[in-house]
Amino acid sequence: MKRLSLIIAACAVAAACSPQAEPAADETVNAMPAGDATMADDKMGSMDKMAMMAPVEGDSEATRGYKAAMMGMMTDMPAYQGNADADFMRQMRGHHQAAIAMARVELAEGQNPEAKALAQEIITAQEREIGVIDAWLAANAG
């Protein structure tokens, strides 16, 4: 737990010290589908968002898996380099990896056949798209 706390604190410091601009709170909220409860709705700080992803006693196996996928995405996301195309590709790769991790949790823990079918479709599509991203990065972003 102490190591996780240090990781969360380091991520919060890195986010706070980052020269990258975050969208204004009203832009973030407006980008979300109406009626969806989001972390942006609560206007929580970066530390609170990261802490929310930490496993807690009583979390189901699925919740622990989803939280691990999100935490991994947030901690492993590459820094922006200032090139819109390369930044997009690198950031989308991280999002795709997290989507695959979450879909694998659904396959392992989910019960609903429709949700599990969608999870498998996500894995197939996102893995293919990661291949496209990797090829583009190799050819265009050094």
- prompt: Between CG of Asn112 and CG of Leu118, what distance do you get to the nearest 0.5 Å?
  reply: 10.0 Å
query: Got a salt bridge between Glu127 and Arg104, using NZ or NE/NH1/NH2 to carboxylate O under 4.0 Å?
result: yes
- prompt: Does any non-hydrogen side-chain atom of Val105 lie less than 4.5 Å from one of Thr63?
  reply: no
task: Report yes if the side chains of Arg64 and Glu61 come closer than 4.5 Å at any heavy-atom pair, otherwise no.
output: yes
field: Flag side-chain contact, heavy atom, 4.5 Å: Lys116 against Glu106
entry: yes
task: Answer whether the closest heavy-atom distance between the side chains of Met77 and His95 falls below 4.5 Å.
output: yes
field: Closest non-hydrogen atom pair between Leu107 and Ile123, with its separation
entry: CD1-CD1, 3.5 Å
From Leu137, Asn140, Asn83, residue fulfilling side chain to side chain contact (heavy atoms under 4.5 Å, CB included) relative to Met89: Leu137
message: Is there a side-chain contact between Met102 and Met70 in this structure, where contact means two heavy atoms from C-beta onward sitting under 4.5 Å apart?
response: yes
message: I need the minimum non-hydrogen distance between Ala69 and Ala101, along with the two atoms involved.
response: CB-CB, 3.7 Å
- prompt: Do Met73 and Tyr66 share a hydrophobic cluster, counting only Ile, Leu, Val, Met, Phe, Trp and Tyr and linking them when any side-chain heavy atoms are less than 4.5 Å apart?
  reply: yes
Check: Arg128 and Thr124 side chains under 4.5 Å, non-hydrogen atoms: no
query: Do the side chains of Arg90 and Tyr80 get nearer than 4.5 Å, heavy atoms only?
result: no
- request: Taking the side chain as every heavy atom from C-beta outward, state whether Ser60 and Glu109 have any atom pair closer than 4.5 Å.
  value: no
- prompt: For the residue pair Pro78 and Gln91, what are the closest heavy atoms and their distance?
  reply: O-NE2, 2.7 Å
statement: When rounded to the nearest 0.5 Å, the distance separating CD1 of Ile122 from NE2 of His96 is 10.5 Å
message: To check you understand the geometry: which heavy-atom pair defines the closest contact between Ala99 and Gln126, and what is its length?
response: CB-OE1, 4.1 Å
